[in-house]
There are 2 protein chains.
Amino acid sequence: MDPVVVGRRVRALREERGISLSTLARLAGVGKATLSGLEHGTRNPTLETLWAVTAQLGVPLTALLTEPAAGPTVHGAAVTATLLEVFTDTDATYELYRMRVAPGPGQLSPAHQPGVTEHVTVFAGVLRAGPADAPLTAPAGGHLRWVSDVPHSYTAVGDEEVAASLLLRYPRHREPTDQARTVDPTTEIAIISRPSQEP
Amino acid sequence: MDPVVVGRRVRALREERGISLSTLARLAGVGKATLSGLEHGTRNPTLETLWAVTAQLGVPLTALLTEPAAGPTVHGAAVTATLLEVFTDTDATYELYRMRVAPGPGQLSPAHQPGVTEHVTVFAGVLRAGPADAPLTAPAGGHLRWVSDVPHSYTAVGDEEVAASLLLRYPRHREPTDQARTVDPTTEIAIISRPSQEP
DNA sequence: CGCTGTCGTTCCGTAAACGGAACAGTCGGG
DNA sequence: CCCGACTGTTCCGTTTACGGAACGACAGCG
């Protein structure tokens, strides 16, 4: 792990909050020299120092050291999705992904079960996604939503990689499939990136 | 964060692999005294030391530093938000939260830095949120977006608790060189929702 | 112009984290 | 028994990360 990367992230997080190095050092109870060296990557910070700084920034230590893939990640032709959270509600099951779409020819995904909807929030780049016969387009900051019981596509418009969050909503209608539709992330992810057998 | 907890995890990981303290110290290239003190929590380890040890154990640093069960949760009057992920892009830093809004009187949050936008996807319930003087409403499946450089509110409509995902976008700070003002996607969003001008 | 405050960096003495060596304790073989 | 190889802990000199102070740069104000 590169201490320079850690330092850049600390500085970025600090500047986003609009507080100065001196102020953050005082709030975190560390010396200004320590914080300055930490942000430049010229020091080899102590766990205590990192903890004090990140606690004041309100982020977990993971935010600085997030080199490994936190969750199960799938790679498709153009789409790379990381599962962030799965949770069930009274009437539906939700899966929240962080998605990246590489520029190029895009990717086609098969239909989901009836009633499944997808909700995409675009962070960066321009994304064209939705039903294969009528895709929608959204720039950074935009939002897309469609019923994905038909084949649907994901395509990055332009040369920039698209970053987005993808929410899949599976309505709870009792599925008597013997295949024990579990909440196993791997099977769910497989649906996204890889054609699965239609029943 | 308790260094004793970190030490216990290191020792547990090491013993799971059936290797001795001496050999791990030798493989990781750290002194036995360092590793012993680290496992006992009597030292305040350096990032370099932690990295060397975890690399030999084959686990990410987060395995030692991640909080049990979840990230930090922010509790407000009506809003409970847990930070899921922080990631930085070329243009901005994003913080993705899972948010719950309890029914009843809402909650008012102070303004963020200029250019910061919030993106909310509602999973369940009906949410009214946005700038305090002009909030927006979205049912389950809906999506809200606003520029949060003004005080903004979160309110659950009805008796049902609201579940949603909240994305905070902090654009990278670039001091206003108006002559070099390029087509920044943030600008478009700002115009749509609220014309934020320099004071 | 100086005065005053804050910005971030650099200098420096001190405290402590570091690696190497020496330490007691344990196991198995000659 | 003795020995050697090993365990993990403790001692110690060196290295270095630490916080405080001093520094130059910049901005607002009289």
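Worth knowing before you read on, the calculation uses all heavy atoms, side chains too, and leaves out hydrogens, waters and symmetry mates. Just so we're on the same page: letters track the sequence lines, and every chain starts at 1.
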Let me spell it out: for each of B:Gly29 and B:Lys32, pick the nucleotide of DNA chain C with the closest heavy atom. Which residue's pick is nearer the 5' end?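 Closest to the 5' end, via its nearest nucleotide, is B:Gly29.
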Just do the side-chain contact (heavy atoms from CB on, under 4.5 Å) check on B:Arg43 and B:Leu38 with the steps written out, would you? CA-CA 6 Å; B:Arg43 284 206 187 179; B:Leu38 167 61; 5.6 Å; no
Derivation and outcome, side-chain contact (heavy atoms from CB on, under 4.5 Å), residues A:Glu160 and A:Val126: CA-CA 8 Å; A:Glu160 187 183 356; A:Val126 180; over 6 Å; no
Worked verdict on A:Leu24 versus A:Leu57 for side-chain contact (heavy atoms from CB on, under 4.5 Å): CA-CA 8 Å; A:Leu24 178 58; A:Leu57 290 172; 4.1 Å; yes
Pick out which of B:Val53, B:Val5, B:Leu21 makes a side-chain contact (heavy atoms from CB on, under 4.5 Å) with B:Val10.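 Filter result, single survivor: B:Val53.
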Determine the contact category for A:Ser20: base if any of its heavy atoms lies under 4.0 Å from a base atom, sugar-phosphate if only primed atoms, P, OP1 or OP2 are that close, otherwise nothing.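 Contact class for A:Ser20: sugar-phosphate only.
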Closer than 4.0 Å, any side-chain N/O of B:Thr34 to the OP1 or OP2 of C:dG19?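 Checking B:Thr34 against C:dG19: at least one side-chain N or O falls below 4.0 Å of OP1 or OP2.
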Spacing between [X] atom [atom1] and [N] atom [atom2], to the nearest angstrom:
X	N	atom1	atom2	answer
B:Leu21	C:dG25	CG	C1'	15 Å
B:Ile19	D:dC6	CD1	C1'	15 Å
B:Leu50	C:dA17	CG	C1'	12 Å
A:Arg26	D:dA21	CZ	P	15 Å

Is the backbone of B:Ala132 close enough, under 3.5 Å, to the side chain of B:Ser153 for a donor and an acceptor to pair up by distance?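 No, the answer is negative, given that no donor and acceptor are paired below the 3.5 Å cut-off.
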Quick one: which of C:dG19, D:dC18, D:dG8 gets closest to the side chain of B:Arg14?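 Among C:dG19, D:dC18, D:dG8, the one nearest the side chain of B:Arg14 is D:dG8.
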Looking at residues 35-46 of chain B, who's got a heavy atom less than 4.0 Å off DNA chain D?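 Close to the strand are B:Ser36, B:His40.
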B:Arg128 atom CZ: more than 12 heavy-atom contacts under 6.0 Å: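 No, the 6.0 Å shell around CZ holds no more than 12 heavy atoms from other groups.
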